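What follows is a short report on a single structure.
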Amino acid sequence: MDKENVAEILQEIGVLLELKGENPFKTRAYASAARTIEGLSESLEKLISENRLGEIKGIGDALQKKITELVTTGELAYYEELKASLPAGLLDMLKIPGMGPKKVKAVYDRLGVETVDQLEQACRSGRVAMLDGFGEKSQAKILEGIQFRRQYATRHLLVQALAWAEPILDELRAHPDVLRCSTAGSVRRFKEVIGDVDFLVSSKAPAAVLDFFTGREGVMKVLAKGDTKSSVILEGGIQADLRVVSDVEYPYALAYFTGSKEHNIAMRQRAIQRGLRLNEYGLFRSKEETRDPELRVACATEDEIFSQLGLAYIPPELREDHGEFLVAETGTMPRLVEWTDLKGSLHNHSNWSDGRGTVAEIAEFARENGFAYWAINDHSRASFQAHGLDADRLRKQVLEIREVNRRLSEEGCEFRLLTGVEVDILGDGRLDLPDDVLEDLDVVVASLHQGFSRQEPENTRRLIRAAENRQVHMLGHLTGRLLLEREPYPVNPQAVIDVCAETGTWIELNAHPARFDLDWRLWPYAKSMGVKCVINCDAHRNEHAGFLRLGAGIARKGGLQREDVINTLSLRSLMKALQGKREGGRRS
DNA sequence: GCCGTTTTCGGCCCGACTGTTTTCAGTCG
């Protein structure tokens with residue numbers, strides 16, 4: 001059983017315990033352990049065999065035993081008993097807005113309601129409103145929540161959330177009563193999947209800003225509106241929250257509402273260790289909870305708050321309690337890669353396979369947009385559905401690309417198209433094209449496109465064999481996941497990273513917003529092993545070049561710097577690196 | 001269930017908003 005499965009089960013145990021009315025701190029312990037497990041860079045098997053599980057913060061004796069049982073036997077008796085003691089439908093009910101563990105338990109205990117459908121019936125017949133603690137309004141709200149969940153997704157891709165958030169941020173910025181404003185929450189942290197979008201504003205007239213926010217075009221429903229905050233549902237079905245504070249409070253509130261929750265808890269604890277209190281209203285010289293302005297440590301920006309806590313500024317992308325404090329404590333934060341550092345993309349498609357543009361159109365677009373180089377890597381023949389290229393068509397494409405480059409050169413232009421392929425990794429780990437064809441290409445990306453039903457050891461071996469081929473520069477979208485759509489295929493990424501480190505093979509960070517693959521959580525490990533990253537937009541049409549900005553944000557979440565990313569190199573250095581990989585490869 | 005410069009018990013982040021209450025519980029972030 002792998003980390004994701006273990007984390008999922010621990011998470012579920014936490015929820016089930018909540019439904020049972022257990023001590024909230026106990027339920028929280030499970031949830032926090034689940035998160036910790038998910039973020040581990042080492043495998044659970046290894047930690048267990050070396051008896052190091054207990055060294056992890058948040059995992060004590062009880063959880064150690066349960067995790068060991070799960071990993072070694074694939075089952076957990078405690079979990080099975082817990083699951084059997086409650087109807088499965090209760091978990092679904094928790095997802096309805098306004099239905100928390102107490103209310104779910106109440107309708108179950110007192111009305112025998114076990115599923116969302118039964119809850120709907122109970123609301124329609126008026127039985128829910130008659131319960132203590134419920135009323136007509138809660139009943140109507142539950143019905144609405146059920147309808148809403150049927151109609152809309154609850155989680156959205158970052159790219160979609162940004163498309164909703166950025167125009168609103170522009171409007172807020174232009175509003176006369178707005179002093180400072182920003183997105184906050186997971187959008188500001190550049191999480192790959194977003195639940196809702198958060199905004200923070202400082203203003204002397206909060207009511208006017210809140211009125212504007214709730215009255216905007218594109219607001220479908222106002223969920224809540226108070227003196228300082230409001231929640232709305234936007235057309236398209238995403239929730240947007242706005243919080244308005246005074247300008248003095250703004251930096252503290254921005255830090256607080258950017259989160260993550262786990263990062264904030266660590267920040268608060270650091271404050272407490274220094275005899276201070278940190279909340280959304282300020283950093284206070286006090287041992288007690290307070291918001292007395294007299295006691296506030298003046299900070300004009302987030303930067304100054306970190307500094308007061310003995311930390312270098314932590315960029316929002318890193319605020320996941322994922323090791324950022326260890327780095328920031330040293331007093332200097334490395335400069336993370338910026339999307340403007342990227343000089344081109346080394347994995348893109350043309351109309352020779354499943355892309356849209358012609359080679360000439362792509363060259364024109366990339367050149368005009370200031371890139372130094374752009375690779376064309378169409379699919380190989382095994383990707384039949386994508387009109388994959390065989391050796392013959394590939395050679396013809398190479399001629400066409402060279403012709404385009406010749407013309408560019410004549411015009412005195414320094415931009416270059418690079419020849420390449422995204423070669424399929426076949427069932428046994430061989431590549432879909434022979435080495436002598438690959439060696440004539442500038443950039444070879446090797447990817448899995450089939451075999452999702454295979455087992456982990458097999459997929460891992462396929463990727464390792466591809467990485468060991470000295471003609472392969474990098475592995476493309478390593479886990480094949482499609483966010484909110486398709487799980488990653490079973491693969492042991494650490495084992496693949498280890499071989500990439502040995503062979504000097506690079507790993508792609510595919511910047512397609514549904515991929516972001518390799519996951520940001522694995523980059524610190526890859527970096528520690530010396531494996532280089534390539535941020536590719538996997539463009540199938542020119543507009544996809546914009547994905548590079550998103551990919552760079554994800555690379556920042558992974559703590560990557562310019563020197564960790566191959567496509568920050570100039571054309572000349574890149575060509576050397578491409579050549580060097582082939583000469584340095586361990587075996588072919 | 002975890003943890004310890006407050007160390008084997010007693011804390012564990014905490015405030016805004018809503019709805020059902022008539023002083024507060026539940027939910028949410």
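Per chain, numbering begins at 1; letters A, B, ... match sequence-line order. Every heavy atom of this structure was used, including side-chain atoms; hydrogens, water molecules and symmetry mates were not. What you see is a predicted model; the values in this text were computed from it and never measured.
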Rounded off to whole Å, could you give me the CD-to-P distance for the A:E144 and B:dG19 pair? 11 Å
With a 4.0 Å cut-off, would you call A:E120 and A:R150 a salt bridge? yes
Under a 3.5 Å cut-off for both contacts, is B:dT8 paired Watson-Crick or G-U wobble with anything, and if yes, with which nucleotide? none
Quick check with a 6.0 Å cut-off and a 45 degree axis cone: is A:K66 positioned over the face of A:Y79's six-membered ring? no
If only side-chain N and O atoms count, and only distance matters, is there a donor-acceptor pair under 3.5 Å linking A:E262 with A:N264? no
Same-atom distance (P) from B:dG10 to B:dC17, integer angstrom: 36 Å
Assess the side chains of A:K527 and A:Q561: does a donor N or O sit below 3.5 Å from an acceptor N or O? yes
Rounding to a whole Å, what distance do you find between A:I265:CD1 and B:dC12:C1'? 9 Å
Take the protein atom CZ of A:F284 and the nucleotide atom P of B:dG15, then report the distance between them rounded to whole Å. 10 Å
Between C1' on B:dC28 and CG on A:D196, what's the gap in Å once rounded to a whole number? 10 Å
Can you give one letter per nucleotide of nucleotides 1-11 of chain B, going 5' to 3': B for a protein heavy atom under 4.0 Å from the base, S for sugar-phosphate only, - for none? BSS--------
Separation of the P atoms in B:dC24 and B:dC13, to the nearest angstrom: 23 Å
If you count heavy atoms of other groups shown closer than 6.0 angstrom to CD of A:E294, is the number above 12? no
Using the P atom in both, what is the distance from B:dT22 to B:dA16, to the nearest Å? 24 Å
What is the separation between atom CG on A:D321 and atom P on B:dC13, rounded to the nearest whole Å? 13 Å
Rounded to whole Å, the OH-P distance (A:Y281 to B:dG15) equals 8 Å
Separation of atom CZ in A:R277 from atom C1' in B:dC13, rounded to whole Å: 8 Å
Between B:dC12 (C1') and A:E22 (CD): distance, integer Å: 15 Å
Which parts of residues 101-126 of chain A get close to DNA chain B, meaning a heavy atom less than 4.0 angstrom away? A:P101, A:K102, A:K103
Mind checking the P distance from B:dT20 to B:dA25? Whole angstroms is fine. 16 Å
